[in-house]
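Accompanying notes for the structure given below.
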Protein chains: 2
Amino acid sequence: MAETKPRTRDADATKARILAAAKSEFARLGLGGARVDEIAEKAQANKRMIYHYFGSKEDLFQVVLEEAYLDIRSAEQDLELDHLPPREALETLVRFTWQYYLDNPEFITLVNSANLHRGRHLEGSDRLRTASRRFVNMVRAILDRGVESGVFRVGVDPVQLNITIAAIGYYYLTNRYTGGILFERDFMTQPALKERLAFNIDTVMRLVLA
Amino acid sequence: MAETKPRTRDADATKARILAAAKSEFARLGLGGARVDEIAEKAQANKRMIYHYFGSKEDLFQVVLEEAYLDIRSAEQDLELDHLPPREALETLVRFTWQYYLDNPEFITLVNSANLHRGRHLEGSDRLRTASRRFVNMVRAILDRGVESGVFRVGVDPVQLNITIAAIGYYYLTNRYTGGILFERDFMTQPALKERLAFNIDTVMRLVLA
DNA sequence: CTTAAAAGTAACTAACTGGTGCGTTACCAG
DNA sequence: CTGGTAACGCACCAGTTAGTTACTTTTAAG
């Protein structure tokens with residue numbers, strides 16, 4: 001209602017601060033581990049405001065989660081992959097997915113938390129369902145164009161491919177701590193990250209190339 | 001000290017019941033979400049016993065986690081993959097990893113919880129480091145044999161390959177709830193599971209074959 | 001200026017939660 | 001039989017925690 005003038009009282013700004021703080025806390029400690037008081041303090045708001053705007057801790061988590069998903073889906077659309085040749089489009093998607101996880105580490109922990117709770121907090125979101133459908137269609141279109149021009153082989157399921165593209169980046173990053181201990185290497189050095197990305201691009205290319 | 005005679009008081013059995021209950025609860029709700037009282041009740045033990053045997057909630061989590069990792073590493077060794085031709089050995093590993101995740105769903109959530117806490121609970125475990133080293137060597141040996149016999153290409157890093165084999169199964173299963181909503185399909189039907197396993201075997205084979 | 005609605009705050013509560021003090025009971029060596 | 005010890009259990013903290021109540025302050029319309 002009012003973003004034109006700076007106000008000492010600004011509902012939208014307060015909401016936004018609460019959401020940002022909640023995102024950070026939920027990502028850091030999970031839904032169960034995050035504390036409402038801590039979120040309120042970090043947001044420079046009062047706990048009462050959280051309940052006023054979002055109803056409950058779980059509802060707040062739900063909003064945070066939906067926003068996080070809509071954000072990555074929106075960023076994917078911005079790539080305009082249908083303007084690129086199939087090979088470049090797919091490689092761009094792999095690079096983007098990897099970089100998005102790196103730039104937005106909260107995303108991964110939020111998704112983990114959502115799945116620990118059996119996806120319960122995402123069930124109602126039609127906005128997300130629509131965005132996801134468009135995303136799958138985008139990848140399907142890339143695959144189709146690649147098959148048509150002879151660079152991709154026939155019969156690759158876009159959903160399975162999507163899952164794999166996410167998986168090979170996501171797993172590496174979410175399990176970097178235990179992975180670092182098990183494999184006795186630092187997963188997060190620049191060379192290690194670069195090597196992993198190259199490996200992942202190679203994996204996806206070998207999977208789809210004719 | 002006494003496993004020969006059945007006792008009304010059996011420290012080992014009590015410990016084992018506590019560990020089993022803890023594994024189940026930690027897997028279900030995470031380290032933060034699990035309740036010590038609930039674990040005690042499920043174990044048909046007293047909360048006091050948990051602190052007597054394990055010291056603290058975090059120490060208990062640490063033991064549960066280490067046991068879970070040692071269990072999968074031990075099962076991998078039982079496969080005796082060095083007795084199989086390289087191709088079969090690798091495919092067996094991919095199938096085994098997938099089936100292990102399916103049969104032991106707690107493993108995945110425990111690992112997620114461990115990583116949410118930055119791997120802190122695994123840091124001290126030399127037993128696990130040793131087991132992991134042996135595991136990597138096993139995969140390296142398979143790759144080397146495959147290269148030697150000409151079926152595998154040169155230069156595939158066994159650690160990257162391991163991570164990818166785990167990733168493509170792990171991600172699918174850990175994110176099956178949000179995935180089911182996003183992609184509008186049930187990830188856990190028999191046909192869906194079969195299709196995913198086939199896709200994963202294909203992915204790995206295309207990655208290593210000469 | 002007035003006023004009502006919206007924004008914001010602090011103090012509180014009822015239910016938990018990890019952890020412990022302390023007493024009891026079964027087991028086994030001698 | 002008996003005394004010491006390990007196994008066990010009750011009842012209770014002290015500190016949290018999600019959620020609420022009752023209240024004040026700011027905003028903006030008329």
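The chains referred to below are lettered A, B, ... by the order of the sequence lines, with proteins before strands, and numbering in each begins at 1. Computed over heavy atoms, backbone and side chain alike; hydrogens, waters and symmetry mates excluded.
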Does a nitrogen or oxygen in the side chain of B:Y51 sit under 4.0 Å from OP1 or OP2 of C:dT20? no

Report the C-alpha separation of A:F187 and A:Y177 in whole Å, then their side-chain angles, then the decisive distance to 0.1 Å, and conclude whether the ring pair (Phe, Tyr, Trp, His ring centres under 6.0 Å) test is met. CA-CA 8 Å; A:F187 274 38; A:Y177 299 105; 9.6 Å; no

In this structure, how many angstroms lie between the C1' atom of D:dG19 and the CG atom of A:L60, rounded? 14 Å

Could you tell me how far apart B:F54 (CZ) and C:dT20 (C1') are, to the nearest whole angstrom? 18 Å

State whether A:H52 places a side-chain N or O below 4.0 Å from either non-bridging phosphate oxygen (OP1 or OP2) of C:dG8. no

Answer yes if the ring centres of A:Y170 and B:Y171 are under 6.0 angstrom apart, and no otherwise. yes

Looking at B:R48 and C:dG23, is any side-chain donor or acceptor paired with a base atom of the opposite kind under 3.5 Å? no

Rounding to an integer number of Å, can you tell me how far B:E58 CD sits from C:dT17 P? 17 Å

Is the closest basic N to carboxylate O distance between A:R127 and A:D71 below 4.0 Å? no

Do the non-hydrogen side-chain atoms of A:I168 and A:Y172 ever get within less than 4.5 Å of each other? no

Can you find a donor-acceptor pair, distance only, under 3.5 Å between A:K47 side chain and D:dG19 base? yes

Is the shortest side-chain N/O distance from B:T14 to OP1 or OP2 of D:dA7 below 4.0 Å? no

Ion pair present between B:D202 and B:R206, side-chain N to carboxylate O less than 4.0 angstrom? yes

Near-strand residues of residues 26-45 of chain A, defined as heavy-atom separation under 4.0 angstrom from DNA chain D: A:A34, A:R35, A:V36

Output the rounded distance in Å from CG (B:N46) to C1' (D:dA6). 15 Å

Under 4.0 Å: is that the gap between some side-chain N or O of B:Y53 and OP1 or OP2 of D:dA6? no

Strictly under 6.0 Å, is that where the ring centroids of A:F54 and A:F61 end up? no

